[in-house]
Novice: 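Before I ask anything, let me first share the structure, which is written out below as structure tokens.
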There are 2 protein chains.
Amino acid sequence: MITDTPRPRAPTTPSGPDTLVRDLLQGLAEGRYAPGQRLAEPDLMTRYRLGRSTVREALTRLAAMGIVTQLPHRGAHIRLLSRRAARDVLRVTAPLLGLAARQAAEAVAAGADPQALRAASQDYDSAVENRARARARYYRALTSLAGNAELDRLLPMLQVHLIRAQLRDNRPPGRGARQALVAAVINADPDTAEAAAHAHIQPLIAALPALPDSLFAPE
Amino acid sequence: MITDTPRPRAPTTPSGPDTLVRDLLQGLAEGRYAPGQRLAEPDLMTRYRLGRSTVREALTRLAAMGIVTQLPHRGAHIRLLSRRAARDVLRVTAPLLGLAARQAAEAVAAGADPQALRAASQDYDSAVENRARARARYYRALTSLAGNAELDRLLPMLQVHLIRAQLRDNRPPGRGARQALVAAVINADPDTAEAAAHAHIQPLIAALPALPDSLFAPE
DNA sequence: CAAGGCGGTTTCGTCAGACGATCTTGTCAG
DNA sequence: CTGACAAGATCGTCTGACGAAACCGCCTTG
């Protein structure tokens with residue numbers, strides 16, 4: 001029946017399918033894995049020294065996150081976005097990032113300390129290697145400030161990192177817009193923060209049509 | 001030497017973890033399952049006549065959808081939202097539904113036929129039983145008109161249905177706002193459609209604080 | 001020589017059983 | 001009544017197995 005509610009998660013060692021999921025995400029950021037790549041279960045079993053159940057569970061999770069697509073009896077592939085799909089992802093990203101920025105600014109207005117966000121953003125600016133890590137920290141600081149658990153859950157499901165992996169060096173830089181976003185949050189100005197989020201994403205959408213076909217899956 | 005043959009699966013069953021996922025979602029809408037309820041693997045195995053791998057995969061999927069929370073060594077529960085979590089969910093829902101409405105209206109402006117949406121909305125109005133089905137059809141018509149695959153993927157991950165299951169009869173009706181939304185989409189008016197979506201969700205958020213504590217998980 | 005069908009091989013979907021680790025619960029001593 | 005311990009239940013992961021579906025190469029046929 002209706003029992004107690006989830007209690008705080010014990011500090012467990014990151015064992016299990018997590019390792020695979022984590023490594024694949026990291027490998028995607030580092031270029032060791034590429035969108036479109038096939039992921040065969042036997043291969044992953046030997047590569048990570050895991051049982052099939054474990055590999056399978058990891059793939060299921062990745063599929064649920066949208067990183068991986070599974071076709072019946074044809075295995076799993078790292079999702080390769082079509083131009084349209086990329087546009088759709090970004091269109092969805094804009095309002096969600098906007099909401100995060102808005103709620104973060106509201107939190108600051110309510111007395112929260114934006115120090116962590118400022119620091120993470122500066123680290124991101126100055127990071128030369130391990131930029132993926134710095135970026136992750138920046139986004140975590142933003143969502144943690146926003147304090148919306150649902151956003152925490154959904155934002156990783158947006159395959160912005162997929163787009164990043166797919167476009168690699170063909171993206172316009174977004175540093176200025178991000179700095180504007182952080183400044184608005186620190187100034188506790190929700191409307192400006194939300195607008196900055198949109199301004200951060202919009203150029204990416206606008207840049208898509210000009211990119212070469214070779215970067216995308218056929219429609 | 002190894003015991004029984006692995007059950008020749010009846011061709012009638014749609015087969016797979018889908019059955020469990022689907023039935024749990026439906027059962028949630030029908031009240032057979034309640035938020036907060038524990039879902040033990042052995043129980044599900046016998047209840048659905050499935051192997052553990054299959055049950056496990058279904059639970060993983062449900063967890064990724066946010067319907068279920070899994071705690072290490074403590075099993076899976078149907079997520080029971082706290083008042084704050086419910087508010088967070090709705091805050092996220094608003095811009096996403098807004099985007100769906102906007103893109104649907106844009107599609108109509110570009111020549112798409114809104115007939116299916118109109119019909120689904122009317123069915124939803126007049127449905128007395130099987131309202132869950134009618135609602136699902138309505139949302140599908142909306143997102144299909146919007147034509148954004150990413151929205152299709154994310155909207156089911158919003159636990160609006162969880163909120164629905166949790167609040168049951170304590171929700172204010174949203175019929176008027178929905179009709180306004182549909183009208184704006186049919187009129188190919190994106191701004192009005194998006195605003196109607198917000199107007200649809202906002203009363204729900206506003207109603208939350210007045211609801212009794214007993215409906216929510218403790219913070 | 002090209003097209004198409006056939007069988008073998010690979011991989012997937014699902015199941016069964018097992019083992020250690022961990023959580024829950026019931027009981028008992030203080 | 002509280003705290004501690006033992007028993008039981010459950011979970012995480014592994015191994016092994018089997019049918020089914022998809023893929024691939026070969027061979028036949030027109």
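Just so we're on the same page: letters track the sequence lines, and every chain starts at 1.
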Novice: Any side-chain N or O of Arg74(A) less than 4.0 Å from the OP1 or OP2 oxygen of dC12(C)?
Specialist: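 For dC12(C), neither OP1 nor OP2 has a side-chain N or O of Arg74(A) closer than 4.0 Å.
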Novice: Could you state the atom-to-atom distance from CG of Leu59(A) to P of dC12(C) in whole Å?
Specialist: 8 Å
Novice: Quick one: is Arg38(B) getting a side-chain N or O under 4.0 Å of the dC11(D) phosphate, OP1 or OP2?
Specialist: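 Indeed, a polar side-chain atom of Arg38(B) lies that close.
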Novice: Between Arg79(B) and Glu150(A) (salt bridge meaning N to carboxylate O under 4.0 Å), is one present in this structure?
Specialist: yes
Novice: Is the terminal nitrogen or CZ of Arg178(B) (NZ for Lys, CZ for Arg) located under 6.0 angstrom from the six-membered ring centre of Tyr138(B) and within 45° of that ring's axis?
Specialist: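 Yes, a cation-pi geometry.
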Novice: Report the residue (Met45(B) or Leu39(A)) whose heavy-atom-nearest nucleotide on DNA chain C is the more 5′ of the two.
Specialist: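 Closer to the 5' end of DNA chain C: Leu39(A).
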Novice: Examine the base of dT14(C) for any acceptor or donor lying under 3.5 Å from a partner atom in the side chain of Arg52(A), and report the outcome as yes or no.
Specialist: yes
Novice: What is the distance from CG of Leu20(A) to P of dT13(D), rounded to the nearest Å?
Specialist: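 Value for this atom pair: 11 Å.
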Novice: Between Ala76(B) and His73(A), which has a closest nucleotide on DNA chain D that is more 5'?
Specialist: Ala76(B)
Novice: For the pair made of CZ in Arg56(A) and C1' in dT14(C), what is the distance, rounded to whole Å?
Specialist: 8 Å
Novice: Looking at every strand, decide which applies to Glu41(B) at a 4.0 Å heavy-atom threshold: base, sugar-phosphate, or nothing.
Specialist: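 Sugar-phosphate only.
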Novice: Hey, is Arg140(B) close enough to Asp152(B) for a salt bridge, meaning N to O under 4.0 Å?
Specialist: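 So Arg140(B) does not pair with Asp152(B) through a salt bridge.
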Novice: Expressed as a whole number of angstroms, how long is the span from Leu44(B):CG to dT14(C):P?
Specialist: 16 Å
Novice: Would you kindly give the OH-to-P distance between Tyr48(B) and dT14(C), to the nearest whole Å?
Specialist: 16 Å
Novice: Taking CZ from Arg49(B) and C1' from dG13(C), how many angstroms apart are they, rounded to a whole number?
Specialist: 20 Å
Novice: Just how far, in rounded Å, is C1' of dT11(C) from CG of Leu71(A)?
Specialist: 13 Å
Novice: Looking at Asp43(A) and Arg38(A), is any side-chain nitrogen of the basic one under 4.0 Å from a carboxylate oxygen of the acidic one?
Specialist: no
